[in-house]
There are 2 protein chains.
Amino acid sequence: MGRWEPNARGRLAQAALELYGELGYEQTTVAEIAKRAGLTERTFFRHYADKREVLFDGSSALQELFVTAVAEAPRSVAPIGAIAAGLEAVSTVFEGRREHARQRQAVIVANAELQERELIKLASMSTALADALRRRGVTGPAASLTAEAGVAVFKVGFELWLTAPEEREMSQLMRESLDELKAVTTRG
Amino acid sequence: MGRWEPNARGRLAQAALELYGELGYEQTTVAEIAKRAGLTERTFFRHYADKREVLFDGSSALQELFVTAVAEAPRSVAPIGAIAAGLEAVSTVFEGRREHARQRQAVIVANAELQERELIKLASMSTALADALRRRGVTGPAASLTAEAGVAVFKVGFELWLTAPEEREMSQLMRESLDELKAVTTRG
DNA sequence: AGTCTGATGACAGTGACTGACATCGATGAT
DNA sequence: ATCATCGATGTCAGTCACTGTCATCAGACT
């Protein structure tokens with residue numbers, strides 16, 4: 001066995017989520033998080049760039065999954081259809097994690113700084129999606145607009161999923177949200 | 001004349017924009033901003049909640065303008081049409097301010113913290129727009145999705161306007177972006 | 001045994017932000 | 001004219017997020 005307990009990074013993330021939930025984000029100090037994880041404050045900052053980032057460990061993987069699904073959709077599929085495929089792919093990774101997602105989201109909605117961080121993660125996703133669409137041949141503002149639309153559907157669908165009854169599946173809620181967006185931009 | 005030079009708030013905003021442009025956001029200290037404005041650091045924080053907020057003084061007025069235009073669109077207009085009216089209203093206030101907008105945007109895109117702040121302002125706008133749409137009778141996720149679509153069009157249209165030749169008007173670019181979004185959500 | 005490496009600890013420092021209290025010119029009441 | 005009050009600002013001490021630097025130490029490799 002090693003000199004240190006394994007998975008320091010995971011312990012920090014777990015301790016942070018707990019403390020942010022128990023005391024609130026602002027009232028929690030990084031020193032407390034580190035102490036609960038059996039580490040020092042300095043080590044926290046070696047694993048996470050700042051106090052907010054510890055809640056967003058999986059966001060890069062989620063973005064890659066979304067982008068890959070868009071990129072790999074059949075050539076015959078229209079841009080908005082490729083986004084739909086991405087939403088489908090993303091939905092699978094949240095299966096069985098609704099309770100964890102609810103706990104995390106409760107922490108985030110309680111604090112503006114954390115919401116800011118979440119928004120920039122979604123903006124990064126939008127940029128990456130737009131790039132993927134351009135690689136599919138989408139030109140001009142259409143790529144950005146389709147990507148923004150996709151992220152908007154993800155946001156709305158995700159929130160619906162958090163508040164929906166347990167039996168409702170995320171993928172279905174994403175499809176319904178996308179259909180709703182299509183309807184809403186068509187009328188008028 | 002008064003005990004103090006007038007418009008302390010405006011002087012702080014001006015000094016901050018200059019210094020963020022000259023030195024970069026991170027390299028600028030609040031003490032420097034205050035000094036250039038002829039004030040102290042403590043006074044800066046009496047006018048602005050934090051170092052970022054000084055760049056977003058007008059965002060609340062912009063949001064009100066957008067929301068009011070949506071609320072006051074004729075009852076017969078569809079939700080997406082009301083958003084179009086809001087985009088039209090918003091476009092007018094930027095007339096003649098393109099150079100200032102470019103300078104400010106250059107500062108923002110150079111720093112992630114500032115982008116986060118901008119994104120939460122846009123998210124606040126989206127929430128307020130969705131509320132306005134609900135007051136118009138729009139129900140369920142349609143309100144949120146229409147509002148998100150409107151903000152997406154604003155973002156894309158605004159960026160087009162910043163990089164477009166001087167003679168192109170913002171209102172026209174907003175209309176083109178909205179049309180593009182409609183096209184993109186229809187195909188597929 | 002000797003050496004190197006990677007994760008961690010220890011410690012000092014900067015700067016954003018806050019709370020508490022002092023200052024002082026302007027304003028209006030007396 | 002005098003005085004009490006008020007609002008914007010200054011002063012100062014303090015907390016905490018975050019960083020740079022150097023020391024430590026178990027395991028891997030030779």
Side-chain angles (χ1 to χ4, degrees), chain A residues 1-57 107-108 110-118 120-121, chain B residues 1-57 107-108 110-118 120-121:
Chain A
M1 74 192 94
R3 176 182 176 191
W4 306 280
E5 294 301 311
N7 196 25
R9 196 178 169 88
R11 267 154 44 219
L12 285 167
Q14 176 66 26
L17 181 60
E18 290 172 9
L19 285 166
Y20 292 171
E22 293 168 14
L23 314 176
Y25 169 80
E26 285 183 11
Q27 286 67 43
T28 303
T29 68
V30 174
E32 283 176 296
I33 299 168
K35 188 177 178 185
R36 180 171 294 201
L39 297 163
T40 64
E41 186 180 354
R42 190 68 186 86
T43 297
F44 176 95
F45 287 109
R46 289 202 178 92
H47 285 279
Y48 296 102
D50 58 47
K51 194 184 165 187
R52 301 169 274 301
E53 198 65 18
V54 66
L55 281 182
F56 297 88
D57 219 357
V107 169
I108 292 174
N111 180 271
E113 286 183 44
L114 293 173
Q115 291 167 47
E116 289 185 342
R117 182 56 50 89
E118 174 158 87
I120 207 171
K121 297 294 183 188
Chain B
M1 77 192 94
R3 177 180 177 193
W4 306 282
E5 294 301 311
N7 195 24
R9 195 178 170 88
R11 267 153 46 219
L12 286 167
Q14 176 67 26
L17 181 60
E18 290 172 9
L19 285 166
Y20 292 171
E22 294 168 14
L23 314 176
Y25 169 80
E26 284 183 11
Q27 287 66 43
T28 304
T29 68
V30 174
E32 282 177 296
I33 298 169
K35 187 177 178 185
R36 181 172 294 201
L39 297 164
T40 63
E41 186 180 355
R42 191 68 184 84
T43 297
F44 176 95
F45 288 109
R46 289 202 178 93
H47 285 279
Y48 297 102
D50 58 47
K51 194 184 166 187
R52 300 167 275 300
E53 198 65 18
V54 66
L55 281 182
F56 298 87
D57 218 0
V107 169
I108 292 174
N111 180 269
E113 285 183 46
L114 293 173
Q115 291 167 46
E116 289 185 344
R117 182 56 49 89
E118 174 158 86
I120 206 170
K121 297 295 184 187

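Proteins get letters first, then strands, A, B, ... in listed order; numbering begins at 1 in each.
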- Is any side-chain N or O of A/Thr40 closer than 4.0 Å to OP1 or OP2 of C/dT8? no
- Between D/dG10, C/dA16, D/dC18, which one does the side chain of B/Thr43 approach most closely? D/dG10
- Message: Let's see if you can work this out: which of D/dG20, C/dA16, D/dA17 has an atom nearest to the side-chain heavy atoms of A/Lys51?
- Response: D/dA17
- Message: Just the rounded figure in Å: distance from P of D/dA26 to CD of A/Glu5.
- Response: 14 Å
- Query: Charged N to carboxylate O under 4.0 angstrom, A/Arg11 versus A/Glu5?
  - Reply: no
- For the pair made of CZ in B/Arg42 and C1' in C/dA16, what is the distance, rounded to whole Å? 12 Å
- Query: Given atom CD of B/Glu113 and atom C1' of C/dC17, what is their separation to the nearest angstrom?
  - Reply: 13 Å
- Message: Could you measure the distance from the CG atom of A/Leu17 to the CD atom of A/Glu22? Nearest 0.5 Å is fine.
- Response: 9.5 Å
- Message: Under 4.0 Å, heavy atoms only, any strand: does A/Arg9 hit a base, just the sugar-phosphate, or nothing?
- Response: nothing
- Item | A/Glu41 CD - C/dA12 C1' separation (whole Å) | 13 Å
- Item | Donor-acceptor pair (no angle test) under 3.5 Å: A/Arg46 side chain, C/dG6 base | no
- Task: On DNA chain C, check which nucleotide each of A/His47 and B/Asp50 is closest to and give me the residue with the more 5' one.
- Result: A/His47
- Message: What I'd like to find out is whether the side chain of B/Leu55 reaches to under 4.5 Å of the side chain of B/Arg117, using heavy atoms alone.
- Response: no
- From CG of B/Leu19 across to C1' of C/dA16 the rounded distance in Å is 16 Å
- Item | Point-to-point distance, once rounded to the nearest 0.5 Å, from CZ of B/Arg9 to CG of B/Leu39 | 12.5 Å
- Item | A/Gln27 CD to D/dT15 C1', straight-line distance once rounded to whole Å | 13 Å
- Task: Quick one: label A/Ala31 by what it contacts on the DNA or RNA (base, sugar-phosphate, nothing), any heavy atom closer than 4.0 Å.
- Result: nothing
- Quick one: do A/Glu53 and A/Lys121 make a salt bridge, cutoff under 4.0 Å? yes
- Starting at CZ of B/Phe45 and ending at C1' of D/dC16, how long is that distance when rounded to a whole Å? 14 Å
- Task: Answer yes or no: does a side-chain N or O of A/Arg11 lie under 4.0 Å from OP1 or OP2 of C/dT8?
- Result: no
- Message: In whole Å, I'd like the distance from the CZ atom of B/Phe44 to the P atom of C/dG15.
- Response: 15 Å
- Task: Taking only the side-chain heavy atoms of A/Leu39 (C-beta and beyond), determine which of C/dG9, C/dG15, C/dC17 contains the nearest atom.
- Result: C/dG9
